[in-house]
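Worksheet for the structure shown next.
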2 protein chains.
Amino acid sequence: MDTPGVVIQRLPLYLRCVKALQEQGKRITSSQEMAEHLGLSSAQIRKDLSHFGEFGKQGMGYDLAYLHEQLERILHLDRRWDMVLVGAGDLGHALIRSGDFVQRGFRIVAVFDADPHKIGQPLGPLVVRDVATLSSSIRELGAQIAILAVPAGAAQEVASKLAEAGIRAILNYAPVSLNLPPEVRVGHVDPLVLLQSMTYYLCPEG
Amino acid sequence: MDTPGVVIQRLPLYLRCVKALQEQGKRITSSQEMAEHLGLSSAQIRKDLSHFGEFGKQGMGYDLAYLHEQLERILHLDRRWDMVLVGAGDLGHALIRSGDFVQRGFRIVAVFDADPHKIGQPLGPLVVRDVATLSSSIRELGAQIAILAVPAGAAQEVASKLAEAGIRAILNYAPVSLNLPPEVRVGHVDPLVLLQSMTYYLCPEG
DNA sequence: GCCGACTTGTGGTAAAATTCACAAGTGATG
DNA sequence: CATCACTTGTGAATTTTACCACAAGTCGGC
């Protein structure tokens, strides 16, 4: 039984919703409450969850603490994930400085760049490494996730090297569609594409 | 005839692909070439484009310059779009400094924040305005797009105000599902959700 | 103990998206 | 001018996704 990708992509939203409700002091919820929160249908939430087991009680709804725990287990978020960052530019700096990832169990353990001026420089608690040492460093660190924050022109080449080095998931900030073996997962952060598809619906005069 | 949303979301990718091929010096392409570039099927690209007209020639493929022009027309990218930015934190600063949006015809024309210490301070070429003046400023500027870069706790409230002020598209960087009238489009930039769904497929030993 | 108000999990159904497969058209070649 | 190798655009088939609707279960109140 392989669960559809669209379902998997919604699970983190469910988890976030559960956390938000818990922060409101709630202890239980219902598929309907979550649906209103997330703008989905309650049936979809129930069906999605049913792929992984039965987490609720008829008439009662879902225990938030239990659902929280189960979602983290399913998504393998009940552990820390080490990531490597490639690209020590403005974006790379911002990603290191922001604590968003760390707070959620994702830690950047190495930074790489190709620019000789940047290599060896400190960046937060890390020192920028030479991208030429990518492969050996990754194997040494055992990282499975990489953040790609390099210019568009270099993205495909670096991504291929990451895949060769054993990286199994890439969070891609470069505005390029990566061509990689299917066993490597890619998540594409692409604000420009989002803007460009929204303007389709925007017309200067209605 | 209303075109499915998934199709619209792919058009910017096609546009990006067309630009990349043009930069390689090519003058024509085929659905198959684009498909390989983007990791899609050629039939899908042809069918998507067929929603808007016939842009290719049988046996010949697509003229890149023409397809480029048509995609920009369809997406309303043949003009400049003014945006307002709410949130003058680290992310806001980064968005202003980065020229990515401007290069593609999206310009940030005003910045807002709620922090009295930030209001009145210069930020790039702009001066941070009081978020209390959001509504009047937006109407004055005529902006239809907003970038939401505020903390999660403030996102829904600000988003509702944006919608009231006539904003019709929001690029949301806050880790919150926004609840808005359906005529307001929302694009969600959410690296953490991408990471969290990728870890599903990652198993420490397997 | 029984009723009524809820809620889950799910089989079946409807809708949506993708892919197939092919007629029709194009230009190059000899 | 006939052939060949390509390519588009598109109905039809297939696959995927979302939704409906309801049996079954739970709890609180009286």
Side-chain angles (χ1 to χ4, degrees), chain A residues 1-15 17-18 21 26-71 74 177 182 197 200-201, chain B residues 1-15 17-18 21 26-71 74 177 182 197 200-201:
Chain A
M1 173 198 71
D2 63 343
T3 309
V6 278
V7 174
I8 305 300
Q9 288 172 7
R10 279 191 293 265
L11 295 184
L13 301 179
Y14 299 161
L15 177 57
C17 180
V18 165
L21 291 168
K26 296 215 171 81
R27 304 192 72 82
I28 60 167
T29 187
S30 66
S31 59
Q32 194 173 348
E33 185 175 37
M34 291 181 66
E36 283 164 14
H37 239 256
L38 294 168
L40 304 172
S41 78
S42 63
Q44 180 159 69
I45 293 176
R46 291 199 302 278
K47 185 149 267 213
D48 283 355
L49 293 177
S50 76
H51 282 92
F52 305 97
E54 308 193 355
F55 305 114
K57 277 186 194 161
Q58 289 167 336
M60 288 303 290
Y62 299 91
D63 180 273
L64 281 168
Y66 181 64
L67 189 53
H68 184 293
E69 179 191 316
Q70 290 302 306
L71 284 169
I74 293 164
S177 301
S197 53
Y200 170 82
Y201 301 98
Chain B
M1 171 200 71
D2 63 343
T3 309
V6 278
V7 174
I8 304 300
Q9 288 172 8
R10 279 191 294 264
L11 294 184
L13 301 179
Y14 299 162
L15 176 57
C17 180
V18 165
L21 292 168
K26 296 218 173 79
R27 303 191 72 81
I28 61 167
T29 187
S30 65
S31 58
Q32 194 174 348
E33 186 175 36
M34 291 182 66
E36 282 165 15
H37 239 255
L38 293 167
L40 304 172
S41 78
S42 62
Q44 180 159 70
I45 293 177
R46 292 199 301 277
K47 186 154 263 240
D48 284 355
L49 293 177
S50 77
H51 282 93
F52 305 98
E54 308 193 355
F55 305 114
K57 277 185 193 161
Q58 289 168 334
M60 288 302 290
Y62 299 91
D63 180 275
L64 282 168
Y66 180 65
L67 190 53
H68 184 292
E69 179 191 316
Q70 291 301 307
L71 284 170
I74 293 165
S177 301
S197 52
Y200 171 81
Y201 300 98

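Naming convention: chains lettered A, B, ... in sequence-line order (proteins, then strands); numbering from 1 in each chain.
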For A:Ser42, report the nucleic acid contact type (base, sugar-phosphate, nothing); a contact means any heavy atom under 4.0 Å.
-> nothing

Got a list of protein N/O to nucleotides 17-19 of chain C N/O distances below 3.5 Å?
| from | atom 1 | to | atom 2 | distance (Å) |
| --- | --- | --- | --- | --- |
| C:dT18 | OP1 | B:Arg10 | NH1 | 3.1 |
| C:dT18 | OP2 | B:Arg10 | NH1 | 3.2 |
| C:dT18 | OP2 | B:Arg10 | NH2 | 2.8 |
| C:dT18 | OP2 | B:Gln44 | NE2 | 3.2 |
| C:dT18 | O5' | B:Gln44 | NE2 | 3.0 |
| C:dT19 | OP2 | B:Ser41 | OG | 3.1 |

First of A:Lys57 and B:Gln32 reached from the 5' end of DNA chain D, by closest nucleotide | B:Gln32

Can you tell which of B:Asp48, B:Thr3, B:Ile74 makes a side chain to side chain contact (heavy atoms under 4.5 Å, CB included) with B:Ile8?
-> B:Thr3

Given DNA chain C, 5'-ward residue of the pair A:Ser50 and A:Gly61, judged by closest heavy atom | A:Gly61

Measuring from B:Leu38:CG to B:Arg10:CZ, what's the distance to the nearest 0.5 Å?
-> 10.5 Å

Would you say the base of C:dT26 and the side-chain of B:Gln58 have a donor-acceptor pair closer than 3.5 Å?
-> no

Separation of B:Phe55 atom CZ from C:dG25 atom P, in whole Å?
-> 20 Å

In whole angstrom, what separates A:His51's NE2 from C:dT8's C1'?
-> 16 Å

Does any non-hydrogen side-chain atom of A:Val18 lie less than 4.5 Å from one of A:Met34?
-> yes

Whole-Å distance, B:Glu54 CD to D:dT8 C1', equals 8 Å

Rounded interatomic separation in angstrom, taking OH from A:Tyr66 and C1' from C:dT7 | 17 Å

Counting only side-chain N and O atoms of A:Tyr62, is one of them less than 4.0 Å from OP1 or OP2 of C:dG9?
-> yes

Side-chain contact, heavy-atom cut-off 4.5 Å: B:Val7 with B:Lys47?
-> no

